[in-house]
Every structure is written in C-alpha cells, then in structure tokens.
**Q** 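Before we start, here is the structure in question, set down as structure tokens.
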Amino acid sequence: MQDAEKLSMLKTMLAIDDNSSDELLTTYLTFAKNEILSWRYSYAGTMPDSVPAEYEMTQVQAVVNGFTQRGAEGQVFSIENGIHRHFVYADMVRYIRANVIPMAKLAAVSST
C-alpha cells in the first residue's frame, strides 16, 4: 500500500475533508513507520525500508490513535468539563509495541 493510499484512508477514518492536515498526518505516518521498523527489527540486524504488508493497517491505526489523542499524550484517563475519557494506549508507541512482534536473529553458538 502506498503512502498516498494510507493518507486517504486516514482522512476517511478521521472524517477530514480538506488537505490542511496532510502534512501532519504524513508526519504521523512517518513516525509510526519508523517506530514499527525499529521495534520489529531491533533484534534482527537488517531492517527493510518500508513497513511489511502485515503491519500496514497497524501503522494506520497507530496514527488514528495518536491523532485522536493529541493533547492527551501519555494519559490513559482524562476528565474535562464532566467528560470522562479512557484510552487503552497512552500513545502511538505503546500501541505499536503491543501490536507488532519483534523479530530475533539467531546467533551461531560455538561448540568449544
């Protein structure tokens, strides 16, 4: 899936009709991509340049979580003007780390 497709999907999910948020959403997509790749491949040695297909929707959903929690980053519970909000994940990073499985690289073991 191309970044333009992800951006379009995000705008639909977040009910954004104009192009004023494109730069912000693209920045969120880039941040989510970098976090997914660094978490997934932190123990594998080599890292691809793009998010694997199986984690593209995780990237999009991480952006939705991050975007909708702007101003409440790091909180899992918020009360404002009598409105109670509870977040399952405090931020995008925690969402990604809960939904992306890190890879490990097998190391050769010496028999001596």
Side-chain angles (χ1 to χ4, degrees):
M1 182 182 314
Q2 299 295 320
D3 286 344
E5 294 172 283
K6 293 176 189 176
L7 182 61
S8 177
M9 186 182 297
L10 281 168
K11 290 170 76 171
T12 300
M13 293 172 74
L14 297 168
I16 298 172
D17 295 330
D18 59 11
N19 296 331
S20 64
S21 297
D22 285 7
E23 187 176 345
L24 178 62
L25 291 174
T26 301
T27 301
Y28 270 97
L29 279 168
T30 301
F31 178 82
K33 170 190 162 187
N34 292 340
E35 183 59 32
I36 288 169
L37 293 177
S38 66
W39 179 250
R40 172 92 169 141
Y41 299 100
S42 58
Y43 303 106
T46 59
M47 184 183 311
D49 294 329
S50 60
V51 174
E54 65 266 26
Y55 289 113
E56 287 180 333
M57 291 309 300
T58 302
Q59 179 188 15
V60 170
Q61 189 59 45
V63 172
V64 170
N65 283 314
F67 187 84
T68 58
Q69 284 184 250
R70 287 181 5 165
E73 292 90 346
Q75 297 180 14
V76 291
F77 189 77
S78 174
I79 301 173
E80 292 181 28
N81 300 324
I83 298 171
H84 297 250
R85 299 185 332 172
H86 180 262
F87 305 110
V88 176
Y89 302 102
D91 54 29
M92 282 178 43
V93 172
R94 291 183 193 173
Y95 177 83
I96 289 168
R97 292 186 179 187
N99 290 284
V100 174
I101 301 168
M103 290 182 70
K105 180 171 111 176
L106 295 175
V109 178
S110 174
S111 61
T112 58

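Excluded from the calculations below are hydrogen atoms, water molecules and symmetry mates; all remaining heavy atoms, backbone and side chain alike, are included.
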**Q** List the atom of Q59, the atom of L29, and the distance in Å for their closest heavy-atom pair.
**A** NE2-O, 2.8 Å
**Q** Taking all non-hydrogen atoms of both residues, which atom of L37 and which atom of S50 are closest, and how far apart?
**A** CD2-O, 3.5 Å
**Q** How many angstroms lie between atom OG1 of T12 and atom CG of L10, to the nearest 0.5 angstrom?
**A**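 Going from the OG1 atom of T12 to the CG atom of L10 covers 8.5 Å.
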**Q** Compare all side-chain heavy atoms of N65 with those of Y28 and state whether any distance is below 4.5 angstrom.
**A** no
**Q** A32 and M92: which non-hydrogen atoms are nearest, and at how many Å?
**A**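 Where A32 meets M92 most closely, the heavy atoms are CB-CE, 3.6 Å.
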**Q** Check for me, please, whether I36 and M47 land in the same ILVMFWY cluster - side-chain distances under 4.5 Å, paths through other members count.
**A** no
**Q** Within a strict 4.5 Å, meaning less than it, do heavy atoms of the K6 and L25 side chains meet?
**A** no
**Q** Taking the side chain as every heavy atom from C-beta outward, state whether P52 and Y41 have any atom pair closer than 4.5 Å.
**A** yes
**Q** Examine F31 and V51 and state if one hydrophobic cluster contains both, with Ile, Leu, Val, Met, Phe, Trp and Tyr joined whenever side-chain heavy atoms are less than 4.5 Å apart.
**A** no
**Q** Between Q2 and E5, what is the shortest heavy-atom contact and its length?
**A**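 Closest pair (atom of Q2, atom of E5, distance): N-OE1, 2.7 Å.
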**Q** Which atoms form the tightest heavy-atom contact between T58 and Y95, and what is the distance?
**A**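 For T58 and Y95, the tightest heavy-atom pair comes out as O-CE2, 3.6 Å.
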**Q** Are more than 12 heavy atoms, taken from residues, nucleotides or ligands other than E23, located less than 6.0 Å from that residue's CD atom?
**A**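 Open: at most 12 neighbouring heavy atoms sit under 6.0 Å from CD of E23.
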**Q** Please give me the minimum heavy-atom distance between P102 and V100, naming the atom from each residue.
**A** CD-O, 3.4 Å
**Q** Is there a side-chain contact between Q69 and D91 in this structure, where contact means two heavy atoms from C-beta onward sitting under 4.5 Å apart?
**A** no
**Q** Would L7 and V63 show up in the same hydrophobic cluster when neighbours are defined by side-chain heavy atoms closer than 4.5 Å?
**A**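 Linked, L7 and V63 end up in one cluster.
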**Q** Donor-acceptor check, side chain of S8 to backbone of A4, threshold 3.5 angstrom: yes or no?
**A**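 Not a single qualifying donor-acceptor pair exists.
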**Q** Any heavy-atom pair between the side chains of I96 and R40 that's under 4.5 Å?
**A** no
**Q** Less than 4.5 Å apart, any side-chain heavy atom of V64 and any of Q61?
**A**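 When only atoms from C-beta onward are counted, Q61 and V64 do touch, with a gap below 4.5 Å.
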**Q** Under 4.5 Å between side-chain heavy atoms, counting indirect links through other Ile/Leu/Val/Met/Phe/Trp/Tyr residues: same cluster for W39 and Y43 or not?
**A** no
**Q** Side chain to side chain contact (heavy atoms under 4.5 Å, CB included) between K11 and D22: does it pass, once the steps are laid out?
**A** CA-CA 8 Å; K11 290 170 76 171; D22 285 7; 3.1 Å; yes
**Q** Would the number of heavy atoms belonging to other residues, nucleotides or ligands and lying under 6.0 Å from CD1 of I79 be above 12?
**A** yes
**Q** Treating Ile, Leu, Val, Met, Phe, Trp and Tyr as nodes and any side-chain heavy-atom pair under 4.5 angstrom as an edge, say whether L14 and L24 lie in one connected cluster.
**A** yes
**Q** Would you say that N99 contacts Y55 through its side chain, given a criterion of any heavy-atom pair below 4.5 Å between the two side chains?
**A**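 They are not in contact (no side-chain heavy atoms under 4.5 Å apart), so the answer is no.
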